[in-house]
Amino acid sequence: MELMAPQQESVPAGYKRTEIGVIPEDWEVMKAGDLGTFRGGSGFPLSFQGSPEGEFPFFKVSDMNLIGNEIRMDVANNYVSDGVRKRLQATVFPPNTIVFAKVGAAVFLERKKLLSRSSCLDNNMAGFIPDCTSVDIRFLHYSFLSLSFGSLVSTTALPSLGNGVLRDIKVSLPPTKAEQEAIAKALSDADAWIASLEQLIQKKRQIKQGAMQSLLTGKRRLPGFSGKWEERRLGDQVRFLRTGAFSRSQLNEEGAIRYLHYGDIHTAQNCFLKPGHTPMPYLPEALAKPLDRLSDGDLIFADASEDIEGVGKSVEISGVAGKEVVSGLHTIAARFDKTVLTDGFKAYLQFLPSFTDQLRRLAAGTKVYATTRTHIGSIELTLPSAPEQTAIATVLSDMDAEIEALETKLSKARKIKQGMMQELLTGRRRLEWD
């Protein structure tokens with residue numbers, strides 16, 4: 001039987017097929033090395049790192065991670081004087097240099113930054129210095145951002161990229177700088193929208209943090225509440241549920257009984273877990289038979305953490321609504337007296353300093369910090385009345401809902417920008433420009 005060659009995507013009128021895909025007929029494919037120069041950074045001894053002063057900021061690969069998705073590198077953790085720079089014979093990269101990580105995980109994160117001022121770079125980084133006046137640097141930056149370097153990366157030891165590989169990167173260019181600038185402006189506007197949402201979310205999180213610090217400690221009382229808080233020992237108010245220690249290999253992708261793993265607690269973005277909205281693996285019914293089923297209001301702790309900040313990390317179960325859920329490996333499932341700890345309030349215990357301070361003092365272990373049922377039961381807290389707990393939980397929950405709505409909006413904005421990049425940087429959609 002004769003094998004049929006796979007059919008290629010048809011080329012619309014006014015477009016052409018190139019080695020990097022279908023682009024408009026009047027666009028050109030160029031190598032990055034023909035548009036500018038790639039230079040490697042310089043080695044900076046530890047004795048010069050950490051200085052907050054100096055004429056030149058210098059960046060390391062770790063700064064690519066800390067700065068996140070910002071388009072410009074406006075701040076630095078390290079600076080060097082011009083005298084030190086000259087002694088080390090370090091290259092000064094001018095503003096509008098596009099910065100690449102050459103070594104490490106940031107290579108796979110596909111991060112490329114745009115310098116806003118003259119800077120120095122670590123020797124695990126490279127800078128692209130444009131020398132073609134007919135190309136808009138912001139357009140070129142977005143073009144680099146749109147490319148995946150995974151197939152170009154050497155992984156013999158650490159993920160790494162060489163300058164020679166970078167020089168051979170191919171990009172498609174509109175024929176005029178005006179069109180390039182129009183595309184870059186549209187994408188820059190999308191970035192500004194994303195940045196404004198990120199800043200608003202950060203502000204809302206700070207407001208919520210302040211509210212938790214004041215409301216959970218009684219420094220601030222909500223209208224209508226003034227009574228004295230009562231001291232309670234958690235061990236007198238709790239029943240610990242039966243959990244099961246099963247590995248990921250024993251779980252299924254489908255089933256009837258959802259399984260909560262301690263890793264799901266550590267990676268949770270919210271202090272509430274809704275089984276109907278959270279992807280979870282399933283435990284075979286035979287293995288789940290002896291385990292207690294979780295109910296709304298149950299508080300599930302991770303019993304181990306690699307760092308002290310993770311001690312006390314927990315989620316409150318919400319919205320079970322007839323679903324079967326069990327608690328699994330390295331978890332502690334606690335069912336508290338709801339007249340003492342109300343639903344919705346207990347999720348915020350992990351943010352209560354008197355709770356975490358006691359639990360962290362009790363945590364032990366050489367490789368991990370451990371939390372036990374005995375530790376949890378021994379904790380003594382001064383708690384507001386049940387009605388006041390409910391009122392506090394309502395305030396904090398409303399803040400959580402507002403932040404979650406903004407995060408959903410941010411996720412949508414990022415997807416829209418990604419779609420814009422796919423359309424604009426390939427010429428599938430053309431903009432009007434002056």
Side-chain angles (χ1 to χ4, degrees), residues 232-305 310-350 352 355 358-359 362-363 368-381 383 386 389-390 393:
R232 302 279 192 171
R233 181 179 178 275
L234 293 187
D236 299 332
Q237 329 296 333
V238 67
R239 178 170 76 88
F240 292 106
L241 308 179
R242 287 171 296 178
T243 62
F246 300 102
S247 66
R248 292 287 188 183
S249 62
Q250 294 173 284
L251 307 178
N252 300 322
E253 294 183 4
E254 297 180 351
I257 304 172
R258 291 169 170 82
Y259 180 84
L260 178 59
H261 186 272
Y262 82 107
D264 301 322
I265 299 174
H266 280 302
T267 58
Q269 300 299 309
N270 197 300
C271 53
F272 293 90
L273 187 141
K274 299 179 180 180
H277 297 82
T278 305
M280 299 175 70
Y282 294 84
L283 186 66
E285 191 170 350
L287 297 178
K289 190 174 182 179
L291 308 183
D292 286 319
R293 277 20 177 200
L294 302 181
S295 300
D296 285 355
D298 290 341
L299 191 61
I300 317 301
F301 295 87
D303 76 0
S305 173
V311 173
K313 178 78 173 180
S314 59
V315 292
E316 182 177 334
I317 302 299
S318 174
V320 172
K323 302 175 183 66
E324 288 193 80
V325 188
V326 296
S327 192
L329 183 66
H330 289 305
T331 66
I332 299 171
R335 183 168 293 167
F336 290 95
D337 182 342
K338 298 190 180 194
T339 64
V340 177
L341 277 172
T342 62
D343 288 359
F345 179 83
K346 60 178 77 76
Y348 298 103
L349 283 181
Q350 61 192 300
L352 188 60
F355 175 80
Q358 292 181 66
L359 204 56
L362 294 167
V368 298
Y369 294 92
T371 299
T372 68
R373 296 182 177 193
T374 302
H375 293 167
I376 295 168
S378 70
I379 290 177
E380 295 182 354
L381 298 175
L383 296 172
Q389 289 180 33
T390 299

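- A donor-acceptor pair under 3.5 Å is formed between the side chain of Gln350 and the backbone N or O of Ser314.
- Looking at Leu349 and Leu341, their side chains come closer than 4.5 Å, going by heavy atoms from C-beta outward.
- When the side chain to side chain contact (heavy atoms under 4.5 Å, CB included) test is applied to Ala363, the partners found at least two apart in sequence or on another chain are Val311, Tyr369.
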Could you give the side-chain donor-acceptor pairs of residues 332-340 under 3.5 Å, partners two or more places apart or in another chain?
from, atom 1, to, atom 2, distance (Å)
Arg335, NE, Asp298, OD1, 2.8
Arg335, NH2, Arg293, O, 3.1
Arg335, NH2, Ser295, OG, 3.3
Arg335, NH2, Asp298, OD2, 2.8
Asp337, OD1, Thr339, N, 2.9
Asp337, OD1, Thr339, OG1, 2.7
Asp337, OD2, Thr339, OG1, 3.3
Lys338, NZ, Asp296, O, 3.1
Lys338, NZ, Asp343, OD2, 3.0

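- Once rounded to the nearest 0.5 Å, the distance linking OG of Ser327 with CG of Leu241 reads 8.0 Å.
- Under a 3.5 Å cut-off, the side chain of Glu324 and the backbone N or O of Gly322 do not form any donor-acceptor pair.
- Atom-to-atom distance recorded for Arg242:CZ and Leu291:CG is 7.5 Å, nearest 0.5 angstrom.
- The distance from atom CG of Leu251 to atom CZ of Phe246, rounded to the nearest 0.5 Å, is 9.0 Å.
- Qualifying salt bridge (Lys or Arg N to Asp or Glu O under 4.0 Å) partners for Arg233, counting only residues two or more places apart in sequence or in other chains: Asp236.
- One distance of note links NZ of Lys313 with NE2 of His266; it measures 8.5 Å at 0.5 Å rounding.
- Evaluation of the ring pair (Phe, Tyr, Trp, His ring centres under 6.0 Å) rule for His330 yields Tyr262 as partners, not counting sequence neighbours.
- Side-chain contact between Tyr259 and Asn252: absent, with no pair of heavy atoms (C-beta onward) separated by less than 4.5 Å.
- Taking every heavy atom of both residues into account, Leu359 and Gly312 meet most closely at CD2-CA, 3.5 Å.
- Scanning for side chain to side chain contact (heavy atoms under 4.5 Å, CB included) contacts around Ser247 gives Ser249, Gln250, with sequence neighbours left out.
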Val238 vs Ile376, side-chain contact (heavy atoms from CB on, under 4.5 Å): CA-CA, chis, key distance, verdict: CA-CA 9 Å; Val238 67; Ile376 295 168; 5.9 Å; no

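- Contacts of Gln389 classified as side-chain hydrogen bond (donor to acceptor under 3.5 Å, both in side chains), with partners at least two apart in sequence or in another chain: Thr342.
- Every pair tested for salt bridge (Lys or Arg N to Asp or Glu O under 4.0 Å) that includes a residue from residues 253-263 fails, sequence neighbours excluded, so the list is empty.
- Put simply, CD1 on Ile317 and NZ on Lys346 are 11.0 Å apart, with the number rounded to the nearest 0.5 Å.
- Listed by chain and residue number, Asp400 satisfy the side-chain hydrogen bond (donor to acceptor under 3.5 Å, both in side chains) test with Tyr348 (two or more places apart in sequence, or in another chain).
- With sequence neighbours excluded, no residue forms a side-chain hydrogen bond (donor to acceptor under 3.5 Å, both in side chains) with Arg373.
- With sequence neighbours excluded, the residues that form a side-chain hydrogen bond (donor to acceptor under 3.5 Å, both in side chains) with Thr372 are His375.
- Taking CG of Leu362 as the reference point, atom CD1 of Ile379 lies at 6.5 Å (rounded to 0.5 Å).
- No side-chain heavy atom of Gln358 sits less than 4.5 Å from a side-chain heavy atom of Leu234.
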Would you tabulate the side-chain donor-acceptor contacts of residues 270-290 under 3.5 Å, counting partners in other chains and residues two or more places apart, or write 'none'?
from, atom 1, to, atom 2, distance (Å)
Asn270, OD1, Phe272, N, 2.9
Thr278, OG1, Lys274, O, 3.1

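- The two residues Ile265 and Leu260 come nearest to each other via the heavy atoms CG1-CD1, 4.3 Å.
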